[in-house]
Amino acid sequence: MTRLPTYLLGATLLLGLPTACTTSQTAATSYTQPKKAEVLALITKVNDHWQATHPPQERAFWDVAAYHTGNMAAYAVTNNEKYRQYSETWAEHNHWKGATSDDRATWKYKYGETPDHVLFGDWQICFQTYADLYKLKPDPIRIARAREVMEYEMSTPQNDYWWWADGLYMVMPVMTKLYTITNNPQYLSKLHEYFGYANSIMYDQETGLYYRDAKYVYPQHKSANGKKDFWARGDGWVFAGLARVLQDLPATDPHRDEYLSKYRGLAAALKQAQQPEGYWTRSLLDPAHAPGPETSGTAFNTFAYLWGINHGVLDKKEYLRTAMRGWQYLTTTALQPDGTIGYVQPIGEKAIPGQVVDKSSTSNFGVGAFLLAASEMYRCVDKR
């Protein structure tokens, strides 16, 4: 048995989780779920620490915006007005926009961080938080730019906007959130059309997993040991994105079963790839490619499993242990004593052999992913 450091042992006991580090796939299946107050304390510790050291006046690009999806999830379960105000200040700082160009003739959707990359999904994820804030206070200015951009995009003949796995988290929930506000059916029809294109270039039928983008499709690209190379955070983006889509998608949507099928396929495939310690390695099917823990993919996966269990679309008997193992990793390895979330792979698009990812490796999007998972865990224990 591997001994936990004293401070992690204390955290484990606080959470009511097993105090042994499992080193075998045949580990006992018993565990104790944390209490609501304990999960709430964790959310508060992590989010207060992040906000105390990161002012909200930052740009609306994907990494910051992904944090805000977690912050709004934290607000939903804590009702801490400080969290809502933090996201509102960020939105106001960015004038409720993503990329800022008003010249539609120059708008682009391939990779770019400039004002004219308005149609690039990394500049559209901010609309998720703007929509959430609109629902709290229905001021049209909060979603005016979101509607302008997305409705222009839907008016074009192109359907290849979501050409990388991350984009499915960035933009799919924008479509369903704006549908719930506008009741414009085009948001759902274009959601399906764009998702179909993404599946045609990234989805692997054999494994049920997603390549990060077309560059990584096997056999033109292989992992260090000649295997299919599926990036943990990339599949985490898709798994979590599908959960967030299903949250808002009408039960009557004619394509709901298709989204559910892809979501459940990921749940089954990712369960098989989980490491005994609860995390997912950066290259899902080749742990030796870039070994060791990674938090962002693990947190997105843990969130998505818990969401499915909470909403009755994943079998609790089949998947709760997987979710709890992810949770144990997040709260006893990723979480540091001061509230920092460590072991987050830096910004990138693939598993990189030799890249250092350790307890000091943190990021805004990693914290956001942790907050999503913790907020869903709060709901899970709230049901008991």
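Looking at Glu92, its side chain never comes within 3.5 Å of a backbone N or O of His95 through a donor-acceptor pair. In this structure, the side chain of Thr182 engages the main chain of Asn184 through a donor-acceptor pair within 3.5 Å. His68 contributes no side-chain N or O that, together with a main-chain N or O of Thr129, makes up a donor-acceptor pair within less than 3.5 Å. Judged by distance alone, the side chain of Gln247 and the main-chain N or O of Trp307 form no donor-acceptor pair under 3.5 Å. In this structure, Gln274 contributes its side chain and Trp280 its backbone to no donor-acceptor pair below 3.5 Å. The main-chain N or O of Gly342 is found under 3.5 Å from a side-chain atom of Thr295 such that the two form a donor-acceptor pair. Of the possible polar contacts, none joining the Glu277 side chain to the Arg325 backbone as a donor-acceptor pair under 3.5 Å is found. A donor-acceptor contact shorter than 3.5 Å is absent between the side chain of Ser283 and the backbone of Pro287. Counting only distance, with no hydrogens or angles, the side chain of Trp162 and the backbone of Leu191 share no donor-acceptor pair below 3.5 Å. No donor-acceptor distance shorter than 3.5 angstrom exists from the side chain of Trp62 to the backbone of Gln124, with no hydrogens or angles considered.
At a threshold of 4.0 Å, the pair Lys82-Asp48 counts as salt-bridged, since one of the basic side-chain nitrogens sits closer than that to a carboxylate oxygen. Using a 4.0 Å cut-off between charged side-chain N and carboxylate O, Asp204 and Lys228 make a salt bridge. Between Arg145 and Asp102, at least one side-chain N (NZ, or NE/NH1/NH2) sits under 4.0 Å from a carboxylate O, which counts as a salt bridge. One finds a salt bridge joining Glu318 and Lys271 here, because a Lys/Arg side-chain nitrogen approaches an Asp/Glu carboxylate oxygen to under 4.0 Å. Salt bridge status for Lys215 with Glu349: present, with a side-chain N to carboxylate O gap under 4.0 Å. Using a 4.0 Å cut-off between charged nitrogen and carboxylate oxygen, Arg212 and Asp166 count as a salt-bridge pair. Electrostatic pairing of Arg104 and Glu148 counts as a salt bridge here, judged by a charged N lying under 4.0 Å from a carboxylate O. Between Lys222 and Asp229 no salt bridge is recorded (no basic side-chain N to carboxylate O distance below 4.0 Å).
Across every non-hydrogen atom of Ala273 and Leu284, the tightest pair is CB-O, 3.8 Å. Of all heavy-atom pairs spanning Ala304 and Leu314, the tightest one is O-CD1, 4.3 Å. Here the closest non-hydrogen pair linking Met154 and Gln186 is O-NE2, 3.4 Å.
The structure places OG1 of Thr207 at 9.5 Å from CG of Leu270, a figure rounded to the nearest 0.5 Å. To the nearest 0.5 Å, atoms CZ (Arg321) and NZ (Lys316) are separated by 15.5 Å. Summarising the geometry, atom CH2 belonging to Trp327 is positioned 8.5 Å from atom CE belonging to Met324; distances are rounded to the nearest 0.5 Å. Annotation: the span from Thr302 atom OG1 to Gln328 atom CD amounts to 11.5 Å, rounded to 0.5 Å. Distance check, rounded to the nearest 0.5 Å: OG1 of Thr298 to CZ of Arg233 gives 11.0 Å. Atom OG1 in Thr176 sits 9.0 Å away from atom CG in Leu246 (nearest 0.5 Å).
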- Apply side-chain hydrogen bond (donor to acceptor under 3.5 Å, both in side chains) to the pair Ser223 and Asn225, showing each step before the final yes or no. CA-CA 5 Å; Ser223 72; Asn225 295 294; 5.3 Å; no

- Query: Under the side chain to side chain contact (heavy atoms under 4.5 Å, CB included) criterion, do Leu168 and Leu242 qualify, and how do the steps go?
  - Reply: CA-CA 8 Å; Leu168 298 183; Leu242 283 166; over 6 Å; no

- From CA spacing to verdict: ring pair (Phe, Tyr, Trp, His ring centres under 6.0 Å), Trp123, Phe61: CA-CA 5 Å; Trp123 283 113; Phe61 203 45; 4.6 Å; yes

- Task: List the steps and the verdict of side-chain hydrogen bond (donor to acceptor under 3.5 Å, both in side chains) for Thr340 and Asp338.
- Result: CA-CA 6 Å; Thr340 296; Asp338 66 352; 2.9 Å; yes

- Query: Between Phe370 and Ile43, is a side chain to side chain contact (heavy atoms under 4.5 Å, CB included) present by the stated rule, with each step listed?
  - Reply: CA-CA 9 Å; Phe370 178 92; Ile43 293 171; 5.8 Å; no

- Item | Derivation and outcome, side-chain hydrogen bond (donor to acceptor under 3.5 Å, both in side chains), residues Thr89 and Gln85 | CA-CA 6 Å; Thr89 300; Gln85 185 59 58; 3.1 Å; yes

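Taking Arg84 as the reference, Tyr75, Glu81, Glu88, Leu133, Leu136 meet the side chain to side chain contact (heavy atoms under 4.5 Å, CB included) condition, with sequence neighbours excluded.
Side-chain contact between Tyr109 and Val118 is absent, with no heavy-atom pair separated by less than 4.5 Å. Side-chain contact between Tyr161 and Tyr197 is absent, with no heavy atoms from C-beta onward closer than 4.5 Å. Side chains of Ser296 and Ile341 form no contact here, defined as non-hydrogen atoms less than 4.5 Å apart. Contact of the Glu376 side chain with the Val77 side chain is not registered, since no non-hydrogen atoms from C-beta on lie closer than 4.5 Å. Contact of the Ile181 side chain with the Lys135 side chain is registered, since non-hydrogen atoms from C-beta on lie closer than 4.5 Å. Taking the side chain as every heavy atom from C-beta outward, Met72 and Gln128 never approach each other to under 4.5 Å. In this structure, Phe303 and Arg244 have side chains that are in contact, with non-hydrogen atoms separated by less than 4.5 Å. The shortest side-chain heavy-atom distance between Tyr187 and Arg147 falls under the 4.5 Å cut-off.
Sequence neighbours left out, not one pair with a member in residues 258-269 passes salt bridge (Lys or Arg N to Asp or Glu O under 4.0 Å).
Between Phe365 and Tyr67, a ring centre-to-centre spacing not shorter than 6.0 Å is recorded. Under the 6.0 Å cut-off for aromatic ring centres, Tyr152 and Trp107 qualify, their centroids lying closer than that. The distance between the ring centers of Phe300 and Trp237 falls below 6.0 angstrom. No close placement of the Tyr210 and Phe239 rings is indicated, their centers lying 6.0 Å or farther apart. The six-membered or imidazole ring of Tyr111 lies away from that of His117, with a centre-to-centre distance of 6.0 Å or more. Between Trp164 and Tyr211, the distance from one ring center to the other does not fall under 6.0 angstrom.
Residue Lys190 places its NZ atom among more than 12 non-hydrogen atoms of other residues, nucleotides or ligands, all under 6.0 Å distant.
If you chain together hydrophobic residues whose side chains sit under 4.5 Å apart, Val357 and Ile352 never meet in one group.
Aromatic ring orientation, His255 versus Tyr259: perpendicular (interplanar angle above 60°, classes split at 30° and 60°). Below 30°, between 30° and 60°, or above 60°: for Trp96 and Tyr130 the angle between ring planes is above 60°, a perpendicular geometry.
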